[in-house]
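First the proteins, then the strands, lettered A, B, ... as listed; each starts at 1. In this text, all values refer to a predicted model and were calculated from it rather than measured experimentally.
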Amino acid sequence: MENAGIKIDTETLARLSKNFEKKIEELDKKIQSIAGVAFNVNSPSQLADVLFTALKLPTKGIKKTKTGFSTAAPELDKLWDAHEIIPMLSEYRELAKLQSTYVEALPKLITKDGRVHTTYNQTVTATGRLSSSEPNLQNIPVKTELGREIRKAFVAPRGKVLLSADYSQIELRLVAVLSRDAAFINAFKDGSDIHTRTAAEVWGVTEKNVTKQQRAAAKAINFGIIYGMGPRSLARATGFSVDEAQQFIDRYFEIHHSVRDYLDATKLKAHAQGFVETYFGRRRYLPEIESGVQALVSAAERMAINMPVQGTAADIMKMAMLRVDGWLSKSGFDARMLLQVHDEIVLEVDENFVGQVALGVREMMESVAGFEVPLVVDVEEGKNWGEMERVE
DNA sequence: AAAGAAAGCGCG
DNA sequence: AAAGCGCGCTTTCTTT
């Protein structure tokens, strides 16, 4: 995969670079003129001075950093309606990030073959995942429309297409497997939308009658579990009060009592043995869990909860990649793996064989483990990584 | 000039 | 007091 690399369309990046540059310059001028003083918008400390001293914006509820008030995105969101400068800062930050980290950086890393070749580090992460560097191809933008424009610069050569295969909800499926939680297992067996199903259970309504807010809250807690989230974070994620969030969590664990038991048992195990492990036995040692320092112990407990889930997903993906590689070799199709992004692999495939390769890759990935809960793989194809459409 | 810390933010 | 896991990269600012 490192040797194969992935093709970059430099003209797309060049066009983006000009557009971004112009907009960044405009915003920079406007921000400084509204501020009334010249300053470096890229400097968080200078920006904090402008916002909280010169413009006297309220600091109530604004997080502190080691040096002063934070200007991070969640804090700016709290000030959204307090001053016209805030939305401009937010837009400036998005553009500046995309420009410096991707649009300007990627072309410098393209080799003579017109492609970028990442390095997959196999001995870096605490959970068993790979990491990717120089360039990191595991954090290419996708969540915002502007970001997705950058992803469109990752392309297939003439006559080929990119094929993406990703595990659907793999970490939550593994929570079901690891905890043997009947409600989750049945939900996945039934193939239902897991967040809608969770919302219906917790509020005691039918899935049809679940509101968007209820589903969003259920999604927040379903993800939160995987990370050891508490009522305060859940409250912030959902807009509930802390009390409401606590009640929601209580109700959640009444239904998913096996998950509660599993989380408790995992913490106890971490304390007793000093390590936790994945379904397949990969370990993470957590020495600080016996430090006696509350903050360190709590942090170690959250790592203990997360690692078996994230780590088992990583184990599965590694095994799946070996199966895909083996299958591709003997299949004779003109296709090769290019990228791995934790729960997704991206391949480059001769356009005449997309359907057959898609079927084979999906089968290799879905049948890798044989759990009580099905593993589901979604496959997409496209001429570039930013505009992919479902196969079948 | 190089190295490192801090803040911030892109992804799963 | 803070309390969601796992990464890598860029910029600013300070230290060596």
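- Taking only side-chain atoms of A:Val341, from C-beta outward, the nucleotide of C:dG6, B:dG12, C:dA1 with the closest atom is B:dG12.
- Rounding to whole angstrom units, CZ of residue A:Arg129 and P of B:dC11 are separated by 14 Å.
- When the side-chain nitrogen and oxygen atoms of A:Asn136 are compared with OP1 and OP2 of B:dG10, none of them lie within a distance under 4.0 Å.
- Annotation: C:dA3 and B:dA7 have their P atoms spaced 13 Å apart (nearest Å).
- C:dG4 makes up no base pair with any nucleotide shown, lacking Watson-Crick or G-U wobble contacts both under 3.5 Å.
- Comparing B:dC9, C:dG4, C:dT10 by their closest approach to the side chain of A:Ser100 singles out C:dT10.
- Base pairing annotation: B:dA1 forms a Watson-Crick or G-U wobble pair with C:dT16, both donor-acceptor distances under 3.5 Å.
- Counting only heavy atoms from C-beta on, A:Tyr227 has its side chain closest to B:dG12 among B:dG12, C:dG8, B:dG8.
- Judged by a 6.0 Å distance limit and a 45° cone about the ring axis, A:Lys63 is not positioned over the six-membered ring of A:Phe69.
- Candidate nucleotides C:dC9, C:dG6, C:dG4 were compared by shortest atom distance to the side chain of A:His342, and C:dG6 ranks first.
- Atom P of nucleotide C:dC7 and atom CE of A:Met307 are separated by 11 Å, given to the nearest angstrom.
- Of the two residues contacting DNA chain C, namely A:Ala295 and A:Arg302, the nearest-nucleotide position lying further toward the 5' end is that of A:Ala295.
- For A:Ser233, the listed nucleotide lying nearest its side chain is C:dA3; candidates were B:dG8, C:dC13, C:dA3.
- The aromatic rings of A:His256 and A:Phe184 lie parallel to each other, their planes meeting at an angle below 30°, with 60° marking the opposite boundary.
- Taking the charged nitrogens against the carboxylate oxygens, A:Glu387 and A:Arg148 have no contact shorter than 4.0 Å, which rules out a salt bridge.
- Residue A:Ile150 holds its CD1 atom at 8.0 Å from CG of A:Leu106, rounded to the nearest 0.5 Å.
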